[in-house]
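Remember, predicted model here, so these are calculated numbers, not experimental data. Naming convention: chains lettered A, B, ... in sequence-line order (proteins, then strands); numbering from 1 in each chain.
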2 protein chains.
Amino acid sequence: MTMNLKQLAENLGLSQTTVSRALNGYPEVSESTRMRVMQAAEQFNYRPNTKAKGLATGRAMAIGHVIATSGQNELVNPVFADFLAGAGETYSRNGYDLFLSIIADEEEARVYRDLKAKGTIDGIIIHAPRMNDLRIPLLQQLEMPFLVHGRSSREANNYAWVDVNNRQAFERATEFLLDLGHRDIALVNGHEYMDFAQQRRTGYLNALKSRGVSPNGDIMASDEMTEAHGYNSAKRMLSDKNRPTAFLVSSMIIAFGVRRAIQEAGLTMGRDISVVTHDDVLSYFGTKDDVPVFTATRSSVKEAGRISAESLLDMINTPGMELPQRLLEAQLVIGRSTAPAPAS
Amino acid sequence: MTMNLKQLAENLGLSQTTVSRALNGYPEVSESTRMRVMQAAEQFNYRPNTKAKGLATGRAMAIGHVIATSGQNELVNPVFADFLAGAGETYSRNGYDLFLSIIADEEEARVYRDLKAKGTIDGIIIHAPRMNDLRIPLLQQLEMPFLVHGRSSREANNYAWVDVNNRQAFERATEFLLDLGHRDIALVNGHEYMDFAQQRRTGYLNALKSRGVSPNGDIMASDEMTEAHGYNSAKRMLSDKNRPTAFLVSSMIIAFGVRRAIQEAGLTMGRDISVVTHDDVLSYFGTKDDVPVFTATRSSVKEAGRISAESLLDMINTPGMELPQRLLEAQLVIGRSTAPAPAS
DNA sequence: GGTTAGACTCAAAGCGCTTTCAAATTGATT
DNA sequence: AATCAATTTGAAAGCGCTTTGAGTCTAACC
């Protein structure tokens, strides 16, 4: 059996009250008894029972992350792993637990209601917001502190979020390709109903427009961000007589697929065809080389996880504070995948 | 405020006892009052408070997953995302919550002790076991139900596990390459202290030995399973005058790197150089094509998550049952990345 | 009509903690 | 020696649930 407060108190010849106060750093307890208590707690490896503590304080000391597996294939985006790693670190440093729900997206509303009513968490982080995401008004109504990783542009902007400046990142990337002389720049994006995808598309179109290049729907694709999507889209576009000379793509995984199509077409990436990708800096795709393979708009999703968690904990511990909203700028890092447009 | 049992009972003109019994399906309550209670619970959107319920029953209704970020780079293996998705589905179907701890590996022992003492979970799943993994005796000593995803070959085999038959998978894959006439088969593996890596190596060596092919240390590499590891290892091996004609690699991500090195060397995968990889069937690398890109030993890690979760819940709900041990066989699926060895 | 089994219902204790309110102790001050 | 404030400790209530042990009521039996 594990030791509880009562036993610990008996052992010390003190009351539960005093022991509890000593452990929680209240000032009304003398330094000498605090020492005694701390030592005994250490010795017996005592940890307060989370559920009991939560019941008594009304705080769960836990944050929920709800991840909806999208589509009938129930895809699980690998960026979650890195985001959770960043957030998880912050939580454990602050004594919070991380509570994960992985569910089909049609269940989301029910899950939020449950989490609220069951009192298991103090706050929640929302992932992968849509253009106008119903989760935001729902959580506002439930009065559950929450923070959105990303934004939902068509909702009123009165909620907490941490997001990458996707629009600007893709605007800059497009300008960069234009500067290299490219005019037929393909966009291989995520689903258009995802907010980030829409932002990136806007940035891309803005850049084209400001240079007087008219967009071409034939070289814009959006779908689930898989390797296959990159491959299929690029393959199709490259087989066209007016094939693009550059690709702007929304994830490293898509980029792998695009590269495969390029090579399969007998072309060389970084010479015949340029590629710029967004790079979430996922650990296993390591771009630690001096000169990275892909030119990329880079922004660490793990770092975003860390910042999101910190912001949410702030919100919880300082009710009524101004809602944190952090726009992270992506770096444009030049790699080997881009070159001046070949003379046509 | 959310409604609690007391309020619900008052609302119905019943005692807490009766309402609780009605909700939990005890037989001592008449069908008519049960109906009334259920309806009222539905109407007021009542959910029993998890912490209170847990305190009263002594069960947390939660499973812990501890993921250690390995190395100084704090890599987060993307297979976790899919594994958690599989497990999470099982949990929510059975009313369990999922607790995630992401920590540096040196903290693991402390975290297990904490989880036990704090009473937040009823069971735990261990990932990525080493050759002789100290976590196993520790958890046995703590008397916390646990299941290992993978195995730890040098520990006594008296614990629950779910694992892929890595040895046999790689033995078959090696035999397949030998049948195609390959003799110089490279192995690009994970860290040798990981159990699965050791198993795969054994399978590979067994196959070579039984065909009288002597292993060559120069074409065996093991490291963190990143794209860079695949690229660097393959690049080095391919630059040798006695370069291998085939690669057997431990993950899709490594395989991407190997493919890059092959193409960069002006060679063609599936003609000049054959590649067989292990494929965890991660959703975003989708090998849904008719003929997959890579020939692979395939075993879904998401499915493993599902099976692991079910087994662990069984253990928890049927104490004293025989410890579940499931060995999953990998399929050898032929793709486009393998061909007969070129005549030398 | 009295007894009894069966079907329902409830009051209260307990899970392990925090926190309010009260009490005891100490030392300094008058 | 009496008073008072400051310091330190403790008893008990309460967080929201389950569960034990004890009723109450109805219908059925002799």
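Checking the phosphate oxygens (OP1, OP2) of C:dT19, a side-chain nitrogen or oxygen of A:Tyr26 falls inside 4.0 Å. The shortest distance between the side-chain N/O atoms of B:Asn4 and the OP1/OP2 oxygens of D:dC15 is not below 4.0 Å. Not one side-chain nitrogen or oxygen of B:Asn49 sits closer than 4.0 Å to the OP1 or OP2 atom of D:dG16.
For the segment residues 53-63 of chain A, the set of residues with a heavy atom within less than 4.0 Å of an atom of DNA chain D comprises A:Leu55, A:Ala56, in numerical order.
The closest side-chain donor-acceptor pair between B:Arg34 and B:Tyr26, if any, does not fall under 3.5 angstrom. In the model, A:Ser153 has a side-chain atom that pairs as donor or acceptor with a side-chain atom of A:Asp195 under 3.5 Å.
The separation between B:Leu23 atom CG and D:dT18 atom C1' is 12 Å, rounded to whole Å. The CZ atom of B:Arg34 sits 14 Å away from the C1' atom of C:dT9 (whole-angstrom rounding). The distance between atom NZ of A:Lys6 and atom C1' of C:dT18, rounded to the nearest whole Å, is 16 Å. Taking atom CD on A:Gln7 and atom P on C:dG16, their separation rounds to 8 Å, with Å as the unit. In this entry the distance linking CE of B:Met3 with P of D:dC17 reads 11 Å, nearest Å. Rounded to whole Å, atom P of D:dT18 lies 6 Å from atom CG of B:Leu5.
Considering all non-hydrogen atoms of both residues, A:Ser92 and B:Ile102 come closest at OG-O, 4.4 Å. B:Met321 and B:Pro324 make their closest contact through CE-CD, 4.5 Å (heavy atoms, listed as atom of the first residue, atom of the second, distance).
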Along nucleotides 5-12 of chain D, 5' to 3', which nucleotides get a B, which get an S, and which get a -, given that the test is a protein heavy-atom distance under 4.0 Å?
---BBBBB
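Although no hydrogens or angles enter the test, the distance criterion places a donor-acceptor pair under 3.5 Å between the side chain of A:Asp122 and the main chain of A:Met61.
Counting only heavy atoms from C-beta outward, the side chains of A:Val148 and A:Arg135 never approach each other to under 4.5 Å. Between B:Tyr46 and B:Leu5, the closest side-chain pair of non-hydrogen atoms falls below 4.5 Å.
Among A:Phe196, A:Tyr159, A:Phe80, A:Phe83, the single residue meeting the ring pair (Phe, Tyr, Trp, His ring centres under 6.0 Å) criterion with A:His149 is A:Phe83. Of the candidates B:Leu134, B:Asn132, B:Asp133, B:Arg130 forms a side chain to side chain contact (heavy atoms under 4.5 Å, CB included) with just one, namely B:Asp133.
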